[in-house]
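In what follows, a single structure is set out as structure tokens and then discussed.
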Number of protein chains: 2
Amino acid sequence: MPDRPTSRDVARLAGVSRTTVSLVLNNVPDVHISPETRQRVLEAARQLNYYPDASARRLVSGKTSTIALVWHRGPDRTYRDAFLPGLLQGATHAARRYGYYVLFRPIESDEPDDAWVELARGRHTDGLILSGPRSDDTALLDLHREGFPLVLHGQLPGADIPSVDVDNERGAMIAVRHLLALGHRRIGMVTNAPLAYTASRQRLEGYRRALEEAGIPFDEALVRYGNFDEESGRQAMEALLALAEPPTAVFVASDMVAIGALRALREQGRRVPEDMAVVGFDDIATSRYLIPALTTVHVPAFGLGWSAAELLIRIIEGDTPNETPVRLETELVVRESCGARSGDAGKRG
Amino acid sequence: MPDRPTSRDVARLAGVSRTTVSLVLNNVPDVHISPETRQRVLEAARQLNYYPDASARRLVSGKTSTIALVWHRGPDRTYRDAFLPGLLQGATHAARRYGYYVLFRPIESDEPDDAWVELARGRHTDGLILSGPRSDDTALLDLHREGFPLVLHGQLPGADIPSVDVDNERGAMIAVRHLLALGHRRIGMVTNAPLAYTASRQRLEGYRRALEEAGIPFDEALVRYGNFDEESGRQAMEALLALAEPPTAVFVASDMVAIGALRALREQGRRVPEDMAVVGFDDIATSRYLIPALTTVHVPAFGLGWSAAELLIRIIEGDTPNETPVRLETELVVRESCGARSGDAGKRG
DNA sequence: CTGAAAGCGCTTACAG
DNA sequence: CTGAAAGCGCTTACAG
């Protein structure tokens, strides 16, 4: 790179001081500078192709104008990757509106869970979004206690850290109500993950409440536990099918797991939705292309990213919002796997 | 945030100068500092929970230790999003190895194509990866001429800017050779995009060359043009099926487009692979779950991100690599849509 | 082996 | 309305 022009060069060319250059270029309000001078500065900057040095600006302002998105990899790796484009683009979209940059920081499996704290402590960023918080992350709690701006994507029970997530319980209720409305009475469930995961517990609770609303007793025997992946869904569905009295419909709280469930059904020659109705959760990109196309609960990844970034930036800028935690609504996407489309729901049970 | 400790605080606590603190913490070689002093500094830093301020460091070093990934959105939006997680994680993986951070910068549709130049000119980053370069981007050429470190993901014919991409032509050859090996002689093609796109031209060329190798004349009538999306693939396949003498196999140079092609086949009651063999390109996440599962050419997104970041960092650090352009190999993923699995390829034609 | 001083390129009170 | 000076928090020649 040839020598970069500095504000001194611009000042010299425009015949003013560096102060004036800064005032003009930053459009500082309440300071009157003659239109001619202003024009001369602008012209000089343009002519020299001058852009203020970000590092100097950061140092003097004490702001990085950057937020970080910290991305944990875990057993739910593939599952979460499906949401990365949406989440990230939502976050960058909001960030841009407010003049912030976005640093992407995945925590890889060979790193300690709190490898990201250096970003905060070293002032690489003004705040951060932590996607997939670990409950044993004490560095996280320390930082929050010290007032470092933080927003979680997901939930950390017990900590009062601002967070953004989907309303899992309501999402599950919507899914199960849909099956109920289609006439099903014997509805099974496969969770998205072990119950150690908050989202998993919430989705199960939604299932339970929807049944309760309909006056159907909760039956433990109809619940199986998924573990993020296809194979766990396959096994869960096989177990359900092996029941003396299998359900006529199943709510699978994860599309990825539902893919496995659909496979188990296919392998056993059961037709979907005729022999078994299935509703998923997440609305990953693949779901619309499955055969039958999967009816599922849409999770607004872009909106989550957007909300997280916006909330974070408001915290950074001193606004202390109290509508936390933010819970975005889900939406049922009716496709073919539930039978609502064909008008031919399995009405047994 | 409470007052952050500075190097002065550490120096004071350890009873040394700030120089010594810097020397110790940065592990500057060839400077002998007594083990006791070193220990005292380290202890003081630990005790104060001191992390050097990144902004100050950037300013004094003239380095940001950051690379940016610029992500263009275009008509190929959905298509490209499928590769974002892999590309980004590959890039961050390589960046971390070399001590760099990654800034993610999507260019949204309401922004000028060169909205990213400010990142470079304002010294927000030491270099950048441009994914989806536009050939009319003169700012790009200017920056490259000035010596700003740049790596393209994709290709820009005519410009000698370092780039990383997949070997599209070979990938297409692999796909078509596979169909030839299965006994097909009348093989159609649907491109991934209009021929204005370099990758599209290259994949078509690979198709043509594979046929040539086999002594089969190229027949323009068997080629249709896709446009990134499902619908374009559906129409292309319908056109192919409407031919007086339709092909027995089709190479669709994009999985997304192939999804549409499969749908057209299904709608017309044709069985895949029995009535028509199909091979795709890209290996997007969805392809393995299609019915039949799509045989396709795998594009190593993670490897592309990794290579791009590594090449960029080597350029930043003064290494002028000459193995550019980098072309990664693809790999055929044989699944069900081509008939190789069932041993029952359509052998007519 | 260690310290005082200069300087990275800005912005921002503070004088004029 | 404009300019000289201080300072952000580091690192790095340069003396001692």
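Only heavy atoms go into these numbers, but all of them, side chains included; no hydrogens, no water, no symmetry mates. By convention in this document, chain letters (A, B, ...) are assigned in the order of the sequence lines, proteins followed by strands, and residues within each chain are numbered from 1.
Using a 4.0 Å heavy-atom distance criterion, V16(A) is classed as a sugar-phosphate-only contact.
For residues 84-97 of chain A, every residue pair satisfying the salt bridge (charged side-chain N to carboxylate O under 4.0 Å, His left out) rule, not counting sequence neighbours, is listed here: R96(A)-E108(B), R96(A)-D110(B), R96(A)-E111(B). Among residues at least two apart or in separate chains, salt bridge (charged side-chain N to carboxylate O under 4.0 Å, His left out) pairs with a member in residues 133-142 of chain B are D142(B)-R145(B).
Evaluation of the ring-ring contact (aromatic ring centres under 6.0 Å, His included) rule for W306(B) yields H93(B) as partners, not counting sequence neighbours. Residues that satisfy the side chain to side chain contact (heavy atoms under 4.5 Å, CB included) test with T64(A), not counting sequence neighbours, are R58(A), T66(A), D126(A), S55(B). Partners of D9(A) by salt bridge (Lys or Arg N to Asp or Glu O under 4.0 Å), not counting sequence neighbours, listed by chain and number: R12(A). In terms of the ring-ring contact (aromatic ring centres under 6.0 Å, His included) criterion, residue partners of Y101(B) (sequence neighbours excluded) are, by chain and number, H124(A). Partners of D53(A) under the salt bridge (Lys or Arg N to Asp or Glu O under 4.0 Å) rule, at least two apart in sequence or in another chain, are R123(B). Residues passing the side chain to side chain contact (heavy atoms under 4.5 Å, CB included) test with P35(B), sequence neighbours excluded: none. Contacts of A308(A) classified as side chain to side chain contact (heavy atoms under 4.5 Å, CB included), with partners at least two apart in sequence or in another chain: I129(A), V151(A), V164(A).
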*Sequence-aligned protein contact record of nucleotides 4-11 of chain D, with B where the base is within under 4.0 Å of a protein heavy atom and S where only the sugar-phosphate is*: BB-BBBBS

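Using a 4.0 Å cut-off on heavy atoms, none of the residues of residues 34-44 of chain B approach DNA chain D.
A salt bridge links E43(A) to R46(A): one of the charged nitrogens lies within less than 4.0 Å of a carboxylate oxygen.
The interatomic distance linking I33(A) (CD1) with dT12(C) (P) rounds to 13 Å, in whole Å.
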_Dot-bracket for DNA chain D, please. Rules: Watson-Crick or G-U, both distances under 3.5 Å, ( ) within the strand, [ ] when a pair crosses earlier ones, | for another strand, . otherwise._
|||.||||||||.|||

